[in-house]
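Taking it in order: structure first as structure tokens, then the write-up.
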Amino acid sequence: MQNKPFIAALGLSSALVATPAVAGGFYVQEQSGIEAGRAYSGEAAAADSGATIFFNPAGMTELEGINIEGGGQLLFVTAQQDNAGSTRTVPGLAGTVPVTGSDGGNPFAQPIPIPSFYASAQVSDRVWVGVGVNSPFGVASGYEDDFFGRFDAVQADLLTFNVQPSVAVKLTENLSLGGGIDIQYIDTTLVNALPNLSPAAPDGRFAIEGDDISFGFNVGALFKAGPLRFGAHYRSQVDHTLEGPLEISGLAGPLAPQNGTFDATTPITMPDIATLSVAIDPGGKWRGYATARHYDWSDFDRIDFIAPGFPPTSSPQNYEDTMSIAAGGEYDFSDKLTLRAGTMWDESPVGDTFRSTRVPDGDRLWASAGATYRLTDHMAVNLAYSHVFVSSEPIARQTVFYPGTPAQTSVVTRSNSTGDADVLAFSLSTRF
């Protein structure tokens, strides 16, 4: 047997292969009650609420006076795993044996809340300032302990808080520029089972926690040409270095010396995102929107592990760049009521062999509708509902535990993954 730090490091590597923190499905777009109703089709060009601070801070130049918007969204996410023949090897025996267990139940809490807050102020004819507070990446999932995919995932909790002070300048009547600093906190807990040498023995347990505060930036531009408004926005990647305890327990027999608690450090990068939007406003009762986004997931090609006394460890991820496109519109039904609707197609960055039960993700199609009701000249309430159709996808993920030792065990988690989501959005906006 190799020494304890070597085995522990490899256990960490195996767990992080399935980390949900950087999956395309865990970029949280749900940051605006108004945008939710038109499926985020107006992001960089609409500039009609405080949420423009997040989507394109240059849009603050379209907001007179002081604007405050606070709200939240409730995600009702359903995912189901169906064992499609998961197997494991047994050290010293030829062939494989089945990995059995329950389907794990729905891993997502009901509902998942996502709050957001924005405030902007016009300080002169040319300058605006603002701040946004939200959670742009996150997940909270947990399977039953006897889940057949337990060697891939049992629990995944990832939380981010992003504070974004911003400024915008109106260069001309038709061109505005804006930008902000992203101060981002991340906190993560990941848990999965570890195989003992005998399939009849109880499983071991692997758990890692970590947090970090890091910084990024975002810049945007807004250009008006008659009834058209064009918006462009770039949000930089944020490089995090998670630090926290790694705990291995429940290993028996020759593996028992590997049990213990260790300090761990793991770099994780949130991707940069580029957005282009166009809005058309002929000056009547209706407006139209379209948006395209590019997500630079290909930078996430591997995970490196760093810890005192641990040998260098790297795990391939092979994520691919993705894009999403959205279209929507809205109609002023009356002076007090505006109705809106939209649709979006959102691509997943992971293939079948790299998809994980931590990330039961697939390409997604959004269908959204919403409304704004103006309570007074200075206050409005925004409501929206979205149904998200998630494509059914196969999972065929291989994880090798204790590689290069007599205890080497290979687990292949095979599953048919299905799911969908319902999203309820609410926000209250005020203007002074």
Side-chain angles (χ1 to χ4, degrees), residues 28-74 113-136 161-170 176 178-180 183 218 220 222 229 231 233 277 279 281 285 287 289 328 330-340 342 368-386 423-432:
V28 181
Q29 304 188 75
E30 293 82 359
Q31 306 299 341
S32 165
I34 292 178
E35 278 298 333
R38 54 194 178 215
Y40 301 90
S41 58
E43 282 192 358
D48 55 0
S49 75
T52 193
I53 294 169
F54 179 76
F55 296 119
N56 182 4
M60 285 191 291
T61 61
E62 297 297 304
L63 306 178
E64 296 180 354
I66 297 174
N67 288 261
I68 299 174
E69 179 180 347
Q73 305 202 23
L74 298 176
I114 303 175
S116 59
F117 173 82
Y118 309 97
S120 69
Q122 182 179 2
V123 297
S124 73
D125 292 340
R126 296 289 182 182
V127 178
W128 281 252
V129 295
V131 64
V133 181
N134 56 12
S135 179
F161 283 116
N162 197 85
V163 179
Q164 180 191 319
S166 303
V167 62
V169 178
K170 181 181 286 188
S176 298
I183 307 166
N218 67 98
L222 189 70
R229 181 182 294 156
H233 183 247
S277 299
D281 183 359
K285 292 191 173 190
R287 293 163 294 281
Y289 306 92
E330 57 190 19
Y331 178 79
D332 294 329
F333 186 79
S334 68
D335 291 341
K336 288 186 172 294
L337 179 64
T338 296
L339 304 177
R340 55 181 61 91
S368 303
T372 292
Y373 187 79
R374 282 166 281 279
L375 302 172
T376 69
D377 291 341
H378 303 283
M379 181 176 295
V381 60
N382 311 294
L383 300 171
Y385 166 76
S386 299
V423 185
L424 298 176
F426 167 84
S427 66
L428 185 67
S429 55
T430 61
R431 180 173 300 181
F432 304 97

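These numbers come from the heavy atoms of this one structure, side chains and all, not from hydrogens, waters or symmetry mates.
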Does any part of the side chain of [Y], heavy atoms only, come nearer than 4.5 Å to the side chain of [X], both counted from C-beta?
X      : Y      : answer
Arg431 : Asn67  : yes
Arg340 : Thr372 : yes
Phe161 : Ile183 : no
Tyr40  : Glu30  : yes

Is a side-chain N or O of [X] found less than 3.5 angstrom from the main chain of [Y], in a donor-acceptor match?
X      : Y      : result
Gln122 : Gly65  : yes
Arg374 : Asp335 : yes
His233 : Phe55  : yes
Gln31  : Ser135 : yes

Find the distance between [atom1] ([X]) and [atom2] ([Y]) and round it off to the nearest 0.5 Å.
X      : Y      : atom1 : atom2 : value
Ile34  : Ser427 : CD1   : OG    : 5.5 Å
Glu64  : Trp128 : CD    : CH2   : 8.5 Å
Ser32  : Tyr118 : OG    : OH    : 6.5 Å
Tyr385 : Gln73  : OH    : CD    : 13.0 Å
Arg229 : Leu222 : CZ    : CG    : 6.0 Å
Ser49  : Glu62  : OG    : CD    : 12.5 Å

query = Could you go step by step and tell me if Met60 and Val167 meet the side chain to side chain contact (heavy atoms under 4.5 Å, CB included) rule?
reply = CA-CA 8 Å; Met60 285 191 291; Val167 62; 5.5 Å; no
Which heavy atom of [X] sits nearest to which heavy atom of [Y], and what is that distance?
X      : Y      : answer
Ala384 : Gly33  : CB-O, 3.7 Å
Gln164 : Pro57  : NE2-CG, 4.3 Å
Ala371 : Leu339 : CB-CD2, 3.8 Å
Thr52  : Ala47  : OG1-CA, 3.9 Å

query = Between Thr338 and Arg287, is a side chain to side chain contact (heavy atoms under 4.5 Å, CB included) present by the stated rule, with each step listed?
reply = CA-CA 11 Å; Thr338 296; Arg287 293 163 294 281; 3.9 Å; yes
request  = Would you mind listing every salt bridge (Lys or Arg N to Asp or Glu O under 4.0 Å) that reaches into residues 48-59, with sequence neighbours excluded?
outcome  =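 As it turns out, the salt bridge (Lys or Arg N to Asp or Glu O under 4.0 Å) pairs with a partner in residues 48-59, which skip direct neighbours, are Arg38-Asp48.
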inquiry  = Run Leu74 and Phe426 through side chain to side chain contact (heavy atoms under 4.5 Å, CB included) and show every step you take.
reply    = CA-CA 9 Å; Leu74 298 176; Phe426 167 84; over 6 Å; no
key: Residue from Ile53, Asn134, Ile68 passing side-chain contact (heavy atoms from CB on, under 4.5 Å) with Phe117   =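 The passing option is Ile68.
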Listed by chain and number, what are the side chain to side chain donor-acceptor pair (under 3.5 Å) partners of [X], not counting sequence neighbours?
X      : value
Ser368 : Ser386
Arg126 : none
Thr61  : Ser176

message = So, using side chain to side chain contact (heavy atoms under 4.5 Å, CB included) as the criterion, who are the partners of Ser277 when residues are at least two apart?
response =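 Testing Ser277 for side chain to side chain contact (heavy atoms under 4.5 Å, CB included), a comparison that skips the adjacent residues, returns Glu43, Ala44, Ala45, Thr275, Thr291.
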ask   = Among all residues two or more places apart in sequence or in another chain, which pass the salt bridge (charged side-chain N to carboxylate O under 4.0 Å, His left out) test with Asp281?
value =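 Salt bridge (charged side-chain N to carboxylate O under 4.0 Å, His left out) check on Asp281 returns nothing, list empty.
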